[in-house]
There are 2 protein chains.
Amino acid sequence: MTAIARSDDVRRQNRRLVLSVLRRSEKLSRTEITARTGLSPSTVSAITSDLLSDGILCKLRDGDATATRRGRPQVALGLNPDAAAVIAVVLSLNALSAALIDYAGDVIVSEQARLDTLAMSGEEIVASVRAMVGTLVDEATYRDMHVPRIAVAFQGITDAGARTLLWSPITREIDIPLGDALENAFGIPVTVENDCNMIAVALNAKDPGHYGDNFIAILLSHGLGMGMMVRGELFIGTKSSGGEFGHMNHVPDGALCRCGRRGCIEAYAGNYAIWRAARALGDDTPPAADIADADMAALAAAARAADGPERRAFDAAGRAIGFGLGSLFAILDPAPVAIVGQGALAFDLIRTPMLEALAKTAGGQHHSIPSFYTDPDEMPLIRAGCAMRALTFVDREIFARGAASPAAGVGRAVA
Amino acid sequence: MTAIARSDDVRRQNRRLVLSVLRRSEKLSRTEITARTGLSPSTVSAITSDLLSDGILCKLRDGDATATRRGRPQVALGLNPDAAAVIAVVLSLNALSAALIDYAGDVIVSEQARLDTLAMSGEEIVASVRAMVGTLVDEATYRDMHVPRIAVAFQGITDAGARTLLWSPITREIDIPLGDALENAFGIPVTVENDCNMIAVALNAKDPGHYGDNFIAILLSHGLGMGMMVRGELFIGTKSSGGEFGHMNHVPDGALCRCGRRGCIEAYAGNYAIWRAARALGDDTPPAADIADADMAALAAAARAADGPERRAFDAAGRAIGFGLGSLFAILDPAPVAIVGQGALAFDLIRTPMLEALAKTAGGQHHSIPSFYTDPDEMPLIRAGCAMRALTFVDREIFARGAASPAAGVGRAVA
DNA sequence: TCTATTAATTCGAGGCTCGAAAAAAATAGT
DNA sequence: ACTATTTTTTTCGAGCCTCGAATTAATAGA
């Protein structure tokens, strides 16, 4: 975009740069920051001294391997844990969890609750979230920490401004104004995020070697979810959180999907779809509400043991995912794929039919087949991604702009 | 992305801004530039006087309605046609065309040639393009115009750097290094672009009201093509030119596609697919080489006249496009769609089955159905988009950076 | 204690934008 | 014909910012 640029935008941008290298590597001397950013030593000196007096950075005294060198020792700088705190909330089927996280990224306190989301009204869900967040806000107040951001992750679709839960399989209600509700209650800016997008953020932060500027994270559980990084940016559609991979069409007028339509990929590859196919219940059978992990594991074991309806069910799931990836790759080009969630435990069953289907599509035509990685445990990733999302917002949008006394409310300012 | 920012990046960015508002509206006074950019009058004065002495802008004397006002009259500034020229090349099935275009966007000379691309080797194609471009380069030299950029549009896929024609239906050869060949021959930077992306660029430039920050352009002809603007940027995949809408999967293991795979959308909605379905030739019939526009028009007339195989063929095409758009919308969210090319003449036949199919997908679920616009003539759009692409490159990457004497080779510098 | 070595800061040069004031170039009124 | 008015454009100084070079700081080894 062509936007106007002012003199001080330069400083803002370079503060961002410094904060982003520090967020990636926890502890860095000014010399190392100079090397990693490409800024001149004088500029790094100016920026870090600003950030130190704003209380955003702190000096870390460490008797490390530094002492063995000759000249003036480097002083390690790091993100000041007390500079701020964020609250990361994960709302999932029948469960709610939230954590207060300091600016360095460490969890201070976390809360969990079980709740019957399907039976609750939108207002009840909002009230539950508000109550749990309230506890954490109180905790932050007690510890004298400023909370400039809250991020909420859930399975489903948000609006363009990441403020409203438009639709989610965890509730029958639509258009729940979660962002506005929390913002009104606590006066803290809130974003509402798709869980798979947060998985992508977490993978990118954790392992940029495998999950770098371009990759796709697919969550296999009761339904399907997807988060993508495209050219270094979290991919969001033109309007909402986008990325409804599970509801791309696989078979026109095909199997009944949880969304009410027919032939979606999820209607073949979601747990409920594998279950009903393995039990030979027919494509029109309404999706089961939830299927225990142990039952899915038993299905997988049966599929591994002998050829039969179970194996064919996993075959169909693999085919659906393979054709879907093929269509996705036709638009976006192939990229590494992370298979996350409980379904990754059956990836051995899914892999071959998936690759066979993928090879039948144009996605495999002009390019090499991408790598696949699996990780069965999605909740830690969602939590970590959600926290990271909130923290990088603070880095970029709050602490990067020097003016307007960002130190207000900051714990102690290191002078 | 977090990149380093220097002091003079500010000026570069603001020069871009000034050039971009001038490119949009041909003739603007400094006061109007001030209003449209948001820059201060002093900054606009400084930037425009630089651009004038660089020969990039020129003063336009016009005895317009300006004379009726009271104070000092505004002096209209415009892009100096003589500041540079670009060459836009369109390579299509059996035809090659190219034009020399001045910096203000007007065609100076254009060349056309018919060539049997399917029968030619990659080297022969490169030689033909090189010869035609050579003529235009000579013309530019004769007119003492500097040519800082060449853009080539074709139907098919390019590599990440937009330098190589990886695959195209107009030739059997793959990996044709068109960009490097031209760059070596003339020493001018070249990009190789997908034709539908250029259609999107042209629509966006021509009518930003309808085709703004988010829209999809679909070309219906022998095959299918797509170009998209997403969040104000031309959408390109992670690696190549991306956007192979026609090769998303519609029916697993379905009809034979020109690409050799089965079940692609194109295998139902391309001209050859409609033709073979209307003639009841069966899904396995290899695609016809080319089908005359008149024959397609006759098919459409037959379909309009009576229910029969022709109408069912157009129905199937509409369904394929509808399901494909549904899958696309699942990932990107719904956006306005422009249907371009000869197939748009049969849009009345395609529209209803397309909308019915779209309504069966998740793409229509949480959002309103987007608008559709049609335009049967694609070649002028491809040419205009290609020229615009080259010109905005010059605006942004060459003339925006003040240093390195950009005026070298410029016709006359208006002092 | 002195010296070599590495880290971090300071200072002046040179860019940039902006606001206020000044200059420029017309028309309207007497 | 001449002045006042109005509108556009330029000029000038203040205030940011980055950078390179010189300077100061802090340590290990001799």
Side-chain angles (χ1 to χ4, degrees), chain A residues 3-18 27-53 57 59-77 400-404 414-415, chain B residues 3-18 27-53 57 59-77 400-404 414-415:
Chain A
I4 195 169
R6 303 252 160 57
S7 233
D8 45 334
D9 290 335
V10 174
R11 172 53 71 89
R12 181 157 41 243
Q13 174 72 10
N14 288 333
R15 274 173 78 122
R16 272 186 197 167
L17 184 55
V18 167
K27 182 192 286 188
L28 245 34
S29 72
R30 290 171 179 82
T31 315
E32 290 168 321
I33 294 174
T34 302
R36 297 199 190 200
T37 57
L39 291 164
S40 71
S42 18
T43 303
V44 170
S45 187
I47 290 177
T48 52
S49 90
D50 281 0
L51 290 171
L52 279 167
S53 64
L57 300 188
K59 296 180 183 171
L60 302 172
R61 271 268 153 261
D62 55 342
D64 235 358
T66 332
T68 185
R69 288 251 302 283
R70 188 113 132 111
R72 174 176 177 175
Q74 307 185 347
V75 352
L77 301 177
R401 54 194 70 221
V414 183
Chain B
I4 194 170
R6 304 252 159 59
S7 229
D8 45 333
D9 290 334
V10 174
R11 172 53 72 90
R12 181 158 40 244
Q13 174 73 9
N14 288 334
R15 274 174 76 119
R16 273 186 195 165
L17 185 56
V18 169
K27 183 191 289 188
L28 245 35
S29 72
R30 291 173 178 81
T31 316
E32 290 167 322
I33 294 174
T34 302
R36 299 200 188 200
T37 58
L39 291 164
S40 71
S42 17
T43 304
V44 170
S45 187
I47 290 176
T48 52
S49 89
D50 281 0
L51 290 171
L52 280 167
S53 63
L57 300 188
K59 295 180 185 170
L60 302 172
R61 270 268 154 262
D62 56 341
D64 237 358
T66 332
T68 186
R69 288 250 303 282
R70 188 113 130 103
R72 174 176 177 171
Q74 307 185 348
V75 351
L77 301 177
R401 56 194 69 223
V414 183

Length of the line joining [X]:[atom1] and [N]:[atom2], which is rounded to integer Å:
X	N	atom1	atom2	answer
B:Arg11	D:dC16	CZ	C1'	15 Å
B:Asp50	D:dT11	CG	P	12 Å
B:Ile47	D:dT10	CD1	P	12 Å
A:Lys59	C:dA7	NZ	C1'	13 Å
B:Arg12	C:dC16	CZ	P	10 Å
B:Arg30	C:dA25	CZ	C1'	13 Å
B:Leu17	C:dC16	CG	P	16 Å
B:Asp9	D:dC17	CG	C1'	11 Å

B:Asp9/B:Arg6 under salt bridge (Lys or Arg N to Asp or Glu O under 4.0 Å): CA gap, chis, key distance, verdict: CA-CA 5 Å; B:Asp9 290 334; B:Arg6 304 252 159 59; 5.8 Å; no
Is it the case that the side chain of B:Ser45 and the backbone of B:Pro41 share a donor-acceptor pair, with hydrogens and angles ignored and the cut-off at 3.5 Å?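 The answer is no, because no donor-acceptor pair under 3.5 Å joins these two groups.
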Identify the heavy atoms of [X] and [Y] that sit nearest to each other, and give their distance.
X	Y	result
A:Ala5	B:Gln13	CB-CG, 3.6 Å
A:Ala76	A:Lys27	CB-CG, 3.5 Å
B:Arg11	B:Ile47	NE-CG1, 3.6 Å
A:Leu39	A:Val18	CD1-CG2, 4.0 Å

Just by protein heavy atoms under 4.0 Å, how would nucleotides 18-24 of chain C read 5' to 3' in B, S and -? BB----B
Is any side-chain heavy atom of A:Thr37 less than 4.5 Å from a side-chain heavy atom of A:Asn14?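 In short, these two side chains do not touch, never coming nearer than 4.5 Å.
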Calculate, to the nearest 0.5 Å, the distance between atoms CD1 and CG belonging to B:Ile33 and B:Leu17 respectively.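 The distance works out to 10.0 Å.
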Just jot down the side chain to side chain contact (heavy atoms under 4.5 Å, CB included) partners of A:Arg30, sequence neighbours excluded, or say none.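 Residues passing side chain to side chain contact (heavy atoms under 4.5 Å, CB included) with A:Arg30: A:Val44, A:Thr48, A:Leu52, A:Lys59, A:Val75, A:Leu77.
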Under 3.5 Å, which N/O atoms of the protein pair with N/O atoms of nucleotides 28-30 of chain C?
from: C:dA28; atom 1: O4'; to: B:Arg70; atom 2: NH1; distance (Å): 2.5

Checking contacts here: which listed nucleotide (D:dT9, C:dA25, C:dA7) is nearest the side-chain heavy atoms of A:Gln74?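 Nearest to the side chain of A:Gln74 among the choices is C:dA7.
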Can you figure out which of C:dC16, C:dT9, D:dT27 approaches the side chain of B:Asp8 most closely?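 Selected nucleotide (nearest to the side chain): C:dC16.
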Is A:Ser45 near enough to C:dT9 that one of its side-chain N or O atoms lies under 4.0 angstrom from OP1 or OP2?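 Answer is yes, contact under 4.0 Å.
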